[in-house]
Asks: 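The structure is given below, and queries will be raised subsequently.
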Amino acid sequence: MEDTIAAIATSVGVSAINIIKVSGPKAIEIVNSIFKGKDLTKVKGFTINYGFIMDKEETVDEVLVSVFHSPKSYTGEDVVEINSHGGIACTNKILELLLTHGCRLAEPGEFIKRAFLNGKKDLIEAESISDLIEAKNESSRKMGIKGATGELSKLIKNLREKLLNIIANIEVNIDYPEYEDAIVYTNELLDTSIKEIKEELQKILKQSNIGKMIKDGINVGIIGKPNVGKSSLLNKLLDEEKAIVTDIEGTTRDIIEGKIVLNGVTLNLIDTAGIRKTDNIVEQIGVKKSKKIIEEADLIIAIFDGSRSLTEEDNEIIKSLKDKKVIALVNKNDLEQEIDLDKLKNFNIIKTSFINNEGIDSIYEEIKKMFNLQQIDSGDYTYLSNARQISIVKNAVSLTEEIYNSNKIGTPVDLVQIDIQRLWELLGELTGDSYKDELLDEIFSKFCLGK
């Protein structure tokens with residue numbers, strides 16, 4: 001981190017303002033060399049300075065330059081932010097000048113990587129900033145800010161502190177048995193401490209399912225035979241005419257997607273091709289995709305024509321829904337009913353008529369119940385949400401159970417302590433207190449340039 005990096009921090013395009021960010025030991029010196037105004041090497045930190053960016057004698061742009069001194073900056077280094085006019089030509093020219101005067105173009109996520117390496121952010125905070133940037137609804141934003149401001153990290157750091165206290169006391173017991181002020185750890189005393197930590201980790205893991213749902217949304221596959229109302233349902237839920245609706249079977253031959261937000265969670269709606277036997281090659285591809293959606297979706301809304309008896313194709317659909325979360329819509333409730341509801345008794349059944357707008361609100365209520373979405377409104381949004389974090393906590397829960405069981409059978413405390421040390425180090429991978437360089441490269445490469 002001995003070099004100085006620069007990148008455009010805003011989306012390049014026509015806008016009122018673009019920001020070019022510079023960080024490193026020569027950040028102020030390099031920007032000052034192309035700036036006409038106050039001497040930036042002498043201004044105070046946390047100041048905004050008016051002037052011009054110059055290419056020798058030519059004025060490039062009128063700018064405001066913010067200066068932040070190390071270590072009280074985002075990256076922990078000297079940082080300069082140039083606020084230029086938002087044209088592509090102006091922004092690119094300023095970046096070009098910075099690069100020719102000694103800066104290196106920053107890699108994706110390199111600014112926040114430096115913030116992590118300089119102790120300004122931990123890994124959970126860094127990943128939460130990425131979640132905050134990508135937040136597509138209010139719940140995602142709330143969860144992202146909880147992580148970015150360190151509240152999520154506190155949960156993990158408190159657990160590591162408890163483990164460290166246990167480790168320290170056991171080591172004192174072993175090395176200084178005559179020290180009377182130390183807690184003497186027996187299997188019985190350790191049993192209580194490990195049980196508490198196990199329960200806390202299990203709670204974090206359970207709540208991580210909520211975090212993942214907030215971040216990724218719920219994938220909802222709308223399936224059924226041709227002409228049962230799948231596209232009509234998609235249009236009703238989206239409140240727009242996104243899918244073509246006709247009386248001709250097989251109108252939808254490919255998946256059509258849309259998104260809505262329900263109780264702070266994004267529902268990724270997927271309208272599929274009608275499932276039936278067909279000789280049409282294009283329609284066969286659509287049917288194959290529909291069957292794949294059944295396998296991958298978090299929730300299936302299966303639609304059946306209530307005005308007709310169930311067919312062989314309907315029965316095949318019902319069989320394919322085993323062990324899935326399913327809402328069965330019995331549509332065309334405005335017509336005389338012929339369907340045998342007993343064959344749908346294993347599903348949550350809602351009667352609908354899209355012509356009369358019947359049953360739509362019931363669908364929303366059923367989804368809320370099935371995924372316990374009311375809990376999100378009452379929660380504090382302090383959740384783990386990405387695969388790396390959840391995988392580590394799963395491993396930590398497994399290790400804690402091993403420690404708990406080993407202690408239960410009377411394994412000597414000094415041997416149990418070895419696994420407690422492993423658990424402490426494992427939780428350190430969450431916050432980045434212990435890490436591998438390859439892991440950092442993978443995490444920060446997913447960020448955009450200038451972040």
Side-chain angles (χ1 to χ4, degrees), residues 71 76 115-128 146-208 211 380 382-386 388-440 443:
F116 166 73
L117 293 173
N118 287 324
K120 306 296 287 187
K121 298 286 181 185
D122 64 32
L123 273 189
I124 291 178
E125 291 169 338
E127 290 174 305
S128 296
K146 283 282 187 178
T149 55
E151 293 191 40
L152 184 53
S153 299
K154 287 177 186 176
L155 292 177
I156 305 304
K157 289 177 179 177
N158 287 339
L159 282 174
R160 295 190 82 227
E161 187 66 31
K162 290 179 182 179
L163 290 167
L164 193 59
N165 286 336
I166 294 171
I167 294 166
N169 276 291
I170 292 174
E171 289 184 348
V172 169
N173 294 168
I174 296 169
D175 297 336
Y176 304 98
E178 73 280 1
Y179 190 66
E180 296 180 356
D181 291 340
I183 298 172
V184 178
Y185 265 97
T186 61
N187 287 107
E188 290 76 19
L189 181 58
L190 194 55
D191 179 84
T192 302
S193 299
I194 295 302
K195 185 178 180 181
E196 290 176 357
I197 290 169
K198 183 178 77 167
E199 289 172 352
E200 287 187 56
L201 282 170
Q202 288 173 331
K203 181 181 178 183
I204 291 171
L205 183 59
K206 183 179 179 181
Q207 291 182 328
S208 70
D380 65 358
T382 311
Y383 308 126
L384 299 176
S385 63
N386 69 42
R388 182 191 78 88
Q389 296 168 354
I390 293 170
S391 175
I392 290 173
V393 175
K394 283 182 178 178
N395 291 336
V397 168
S398 297
L399 181 53
T400 309
E401 288 173 347
E402 289 178 23
I403 295 168
Y404 183 74
N405 294 332
S406 179
N407 185 65
K408 270 287 188 186
I409 61 175
T411 303
V413 171
D414 55 335
L415 295 180
V416 177
Q417 184 240 3
I418 295 172
D419 285 336
I420 296 175
Q421 178 81 28
R422 283 174 54 209
L423 179 60
W424 180 78
E425 291 171 355
L426 181 60
L427 292 179
E429 293 180 18
L430 274 174
T431 56
D433 290 295
S434 55
Y435 65 87
K436 296 178 181 178
D437 289 339
E438 311 88 78
L439 173 66
L440 295 189
I443 290 173

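Only heavy atoms go into these numbers, but all of them, side chains included; no hydrogens, no water, no symmetry mates.
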Asks: Show the nearest heavy-atom pair for residues Glu125 and Ser153, with the distance to one decimal.
Replies: CG-OG, 3.8 Å

Asks: Does Leu152 form a side-chain contact (heavy atoms from CB on, under 4.5 Å) with Lys146? I'd like the steps, not just the answer.
Replies: CA-CA 6 Å; Leu152 184 53; Lys146 283 282 187 178; 5.7 Å; no

Asks: How long is the straight-line distance from CG of Leu427 back to CD1 of Ile392, given to the nearest 0.5 Å?
Replies: 8.5 Å

Asks: In a check of side-chain contact (heavy atoms from CB on, under 4.5 Å) between Thr411 and each of Ile409, Val413, Asp414, Asn407, which one passes?
Replies: Ile409

Asks: When rounded to the nearest 0.5 angstrom, what distance separates CG in Leu190 from OH in Tyr404?
Replies: 11.0 Å

Asks: Between NZ of Lys394 and CG of Leu384, what distance do you get to the nearest 0.5 Å?
Replies: 12.0 Å

Asks: Please report the C-alpha distance between Leu159 and Leu423 in whole Å, then the side-chain angles of each, then the deciding distance to 0.1 Å, and finally whether the side-chain contact (heavy atoms from CB on, under 4.5 Å) criterion is met.
Replies: CA-CA 10 Å; Leu159 282 174; Leu423 179 60; over 6 Å; no

Asks: How close do Pro71 and Lys120 get, counting heavy atoms only, and between which atoms?
Replies: O-NZ, 2.9 Å

Asks: If you define the side chain from C-beta out and look only at heavy atoms, does anything of Val397 sit under 4.5 Å from Gln202?
Replies: yes

Asks: For the pair Asp191 (side chain) and Asn187 (backbone), establish whether a donor and an acceptor sit closer than 3.5 Å, ignoring hydrogens and angles.
Replies: no

Asks: Does any part of the side chain of Ile197, heavy atoms only, come nearer than 4.5 Å to the side chain of Ile166, both counted from C-beta?
Replies: yes

Asks: May I ask you to decide if Ile403's main-chain N or O and Ser406's side chain share a donor-acceptor pair within less than 3.5 Å?
Replies: no

Asks: Closest heavy-atom contact between Gly211 and Ser385?
Replies: O-CB, 3.6 Å

Asks: Between Lys121 and Glu127, is there a donor-acceptor pair closer than 3.5 Å when you use the side chain of the first and the backbone of the second?
Replies: no

Asks: Just how far is it from atom CG of Asn158 to atom CG of Leu163, taken to the nearest 0.5 Å?
Replies: 11.0 Å

Asks: Do Glu188 and Thr192 make a side-chain contact, defined as non-hydrogen atoms from C-beta onward lying under 4.5 Å apart?
Replies: no

Asks: For Glu200, which residues count as a salt bridge (charged side-chain N to carboxylate O under 4.0 Å, His left out) partner, sequence neighbours excluded?
Replies: Lys162

Asks: Gln417 and Ile167: which non-hydrogen atoms are nearest, and at how many Å?
Replies: NE2-CG2, 3.3 Å

Asks: Measuring from atom NZ of Lys203 to atom CG of Leu201, what distance do you get when rounded to the nearest 0.5 angstrom?
Replies: 12.0 Å

Asks: Going by heavy atoms in the side chains, are Ile194 and Val416 under 4.5 Å from each other?
Replies: no

Asks: State, to 0.1 Å, how close Glu429 and Arg388 come at their nearest heavy-atom pair, and which atoms those are.
Replies: O-NH1, 2.8 Å

Asks: Would you check if Arg160 and Leu430 make a side-chain contact, meaning some heavy-atom pair closer than 4.5 Å?
Replies: no

Asks: At their closest point, which heavy atom of Ser128 faces which heavy atom of Ala148, and how far apart are they?
Replies: CB-N, 3.3 Å

Asks: First locate atom OG1 of Thr400, then atom CG of Asn395, and finally report the distance between them rounded to the nearest 0.5 Å.
Replies: 10.5 Å

Asks: Under the side-chain contact (heavy atoms from CB on, under 4.5 Å) criterion, do Glu425 and Gln421 qualify, and how do the steps go?
Replies: CA-CA 6 Å; Glu425 291 171 355; Gln421 178 81 28; 3.5 Å; yes

Asks: Who are the salt bridge (charged side-chain N to carboxylate O under 4.0 Å, His left out) partners of Lys157, not counting sequence neighbours?
Replies: Asp122

